[in-house]
S.K.: 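Sharing a structure with you now.
Just so you know, these numbers come straight off a predicted model, no measurement behind them. In what follows, every chain begins at residue 1, and chains take the letters A, B, ... in the order their sequences are listed.
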2 protein chains.
Amino acid sequence: MPSSTVENYLKHILLLSEGAQDLVSMGDLAVALAVVPGTATTMIKALAREGYVAHQPRQGVSLTPTGRTVALSVLRKHRLVETFLVNVLKMDWASVHAEAEQLEHSISDEVLDRLDALLGYPATDPHGDPIPSRKGKLNFQVYASLATCALKQPLRIVRITEQTTEFLQFADQNHLLPGSTLIVTGRNLPAGLATIKTTGTRALALSITAAGKILVEPLRR
Amino acid sequence: MPSSTVENYLKHILLLSEGAQDLVSMGDLAVALAVVPGTATTMIKALAREGYVAHQPRQGVSLTPTGRTVALSVLRKHRLVETFLVNVLKMDWASVHAEAEQLEHSISDEVLDRLDALLGYPATDPHGDPIPSRKGKLNFQVYASLATCALKQPLRIVRITEQTTEFLQFADQNHLLPGSTLIVTGRNLPAGLATIKTTGTRALALSITAAGKILVEPLRR
DNA sequence: TAAATTATTTTGACTACTCAAAATAGCGCA
DNA sequence: TGCGCTATTTTGAGTAGTCAAAATAATTTA
């Protein structure tokens, strides 16, 4: 049984490789886990010995099938717990991430399955992040973000890819939740700004970086 | 913030001193925690240094007010989680103890309060064990057990003071749950047996040891 | 009262994880 | 071709918790 430290390493490798690149650097991993780079290297060597990851020295690290299975299971627990905390316990959207971070390591598969049923087998968590299936399938879909989508098109928010309380609170206060609709009225790349308009006719400016964290799909598809 | 190891030590000291004796021996504590006695001694010395316990060398250990507060909080989490697992997730009465043992260390006060409200502020868990209040009051009440109560009196089970899956399954199968009614028809102390009759008119023999773990109160009070 | 039994404590060692700081490798660039 | 920058790895050391086994204290028994 992997320790919760091991689970965290594997989960973060999965998250960091989500977008695309197959090799996660020690630097990125160390930042994600809030440890110094040397610690990450040491730990990764141990995880490689135990068959959870493949380590290309000085290149980066990737998950083995075994490691990926563990990581997906942890991610499933994390996202189902978040959904439970928001949907059933009515907790604040922005603060459940830290809670789930703890709970994901101590919840059994039995409890998880019952939670899943209680919630009606949700496909995504409250932030729009896809929940891996029991058998470890992660429904990964490539969406445009507010930084890359077409201008002046009606859009629906499908996902917020950022877990910090501050960002989520900002999103919440400005009605930028999964399901909300809006249009991007313009972009000023030199200034690094995007301007949007939500259905409540409110205009809002956003940095391109922040806009990149809000994923959308065209409204009528 | 005490580690989950520390929380476990404190919780078990509280449980072992519940009945009465103020000093818990290293031997008993080591058995409860499944460690060797030397480990318990070492750990207790550290806990004493940190102000959680008072250690009388070669006599035993007791909780300081600080330690007791921590222990009660853990016990509250444990029992509320058990109640949630049984009442909401409909899990098996006999198996929730092990689950709660993990969850009790990773649940926040915020989540706990909401769970408490969801459950309707229960006074006891599914086994009849009293749930400490938020402010750390433990409603400890002395009940008779099937080993000590009067014979041929109608009784109601209020509590099962044993958490092993096997015992709880046995109790479940024989309708010995909190709330069930029965009478003790006789006792044979030399043989170490008690005979009882449940409302379903079934007769059953039980060791005195087992009988001592089932606490009861007289039916009409 | 002394010997024997039993419980507790001490000692030395090990695992898992971490950091600080020095050593090394790979890279871009002149 | 070699210099310097940056990321990575290595080294040495520390913390938390654990065990095995030897040492010590207390209690029982004779």
S.K.: Report the residue from A:Glu162, A:Arg159, A:Glu82 that forms a side-chain hydrogen bond (donor to acceptor under 3.5 Å, both in side chains) with A:His127.
M.R.: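 Only one option passes, and that is A:Glu82.
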
S.K.: A:Gln59 has an atom CD; how far is it from atom P of D:dT9, in whole Å?
M.R.: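 In whole Å, D:dT9 P and A:Gln59 CD are 9 Å from each other.
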
S.K.: Check every atom of D:dT9, C:dC19, D:dT8 against the side chain of A:Pro57 and return the nucleotide holding the closest atom.
M.R.: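 From the listed options, D:dT9 comes nearest.
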
S.K.: Starting the side chain at C-beta, find the nucleotide from C:dT9, D:dA20, C:dA20 nearest to B:Pro37.
M.R.: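 That would be C:dT9.
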
S.K.: Consider the side chain of A:Lys45, meaning its heavy atoms from C-beta on, and name the nucleotide among D:dT9, D:dT10, D:dA26 that approaches it most closely.
M.R.: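 Of all the options, the side chain of A:Lys45 is nearest to D:dT10.
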
S.K.: Judged by modelled atom types alone, do A:Thr165 and A:Ser95 share a side-chain donor-acceptor pair under 3.5 Å?
M.R.: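 No donor-acceptor contact under 3.5 Å links the two side chains.
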
S.K.: At less than 4.0 Å, is any side-chain N or O atom of B:His55 found next to OP1 or OP2 of C:dT9? Yes or no.
M.R.: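 For C:dT9, OP1 or OP2 has a side-chain N or O of B:His55 closer than 4.0 Å.
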
S.K.: Are any of B:Tyr9's side-chain N or O atoms less than 4.0 Å away from OP1 or OP2 of D:dT18?
M.R.: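 Yes, because at least one side-chain N or O of B:Tyr9 sits under 4.0 Å from OP1 or OP2 of D:dT18.
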
S.K.: Side-chain donor-acceptor pair under 3.5 Å between B:Gln141 and B:Tyr143, yes or no?
M.R.: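 Short answer, yes.
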
S.K.: Taking OP1 and OP2 of C:dC17, is either one under 4.0 Å from a side-chain nitrogen or oxygen of A:Ser3?
M.R.: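 The answer is yes; a side-chain N or O of A:Ser3 sits under 4.0 Å from OP1 or OP2.
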
S.K.: Verify the distance criterion only: is there a donor paired with an acceptor across the side chains of B:His78 and B:Asp129 at less than 3.5 Å?
M.R.: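 B:His78 vs B:Asp129: no donor-acceptor pair found between side chains.
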
S.K.: Would you mind reading off the distance between A:Gln56 atom CD and C:dA25 atom P, rounded to a whole angstrom?
M.R.: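 Atom-to-atom, A:Gln56 to C:dA25, this comes out as 18 Å.
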
S.K.: Just how far, in rounded Å, is C1' of D:dT18 from CE of B:Met26?
M.R.: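 Roughly 16 Å, once rounded to whole Å.
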
S.K.: Rounding to a whole Å, what distance do you find between B:Leu23:CG and D:dA26:P?
M.R.: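 After rounding, the reported distance stands at 15 Å.
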
S.K.: Rounded to the Å, how far apart are A:Glu7 CD and C:dA16 P?
M.R.: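 The distance from CD of A:Glu7 to P of C:dA16 comes to 16 Å, rounded to the nearest Å.
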
S.K.: Tell me: NE2 of B:His12 to P of D:dG17, nearest whole Å?
M.R.: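 After rounding, the reported distance stands at 16 Å.
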
S.K.: Let me know the distance between CE of B:Met43 and C1' of C:dT11, rounded to the nearest Å.
M.R.: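 That distance rounds to 19 Å.
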
S.K.: If you compare every side-chain N and O of B:Thr39 against the phosphate oxygens of D:dG17 (OP1, OP2), does one of them come in below 4.0 Å?
M.R.: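 No, B:Thr39 has no side-chain N/O under 4.0 Å of OP1/OP2 on D:dG17.
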
S.K.: Between atom CD1 in A:Ile44 and atom P in C:dT18, what is the gap in whole Å?
M.R.: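 A:Ile44 atom CD1 is separated from C:dT18 atom P by 11 Å.
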
S.K.: Report yes if at least one side-chain N or O of A:Thr41 is closer than 4.0 Å to OP1 or OP2 of D:dT9; otherwise report no.
M.R.: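 The answer is yes; a side-chain N or O of A:Thr41 sits under 4.0 Å from OP1 or OP2.
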
S.K.: Nearest 0.5 Å please: distance from the CG atom of B:Leu63 over to the NZ atom of B:Lys11.
M.R.: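 The distance works out to 13.0 Å.
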
S.K.: Starting from the 5' end of DNA chain C, give me the residue, A:Arg58 or A:Gly38, whose nearest nucleotide shows up first.
M.R.: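 Residue closer to the 5' terminus by nearest nucleotide: A:Gly38.
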
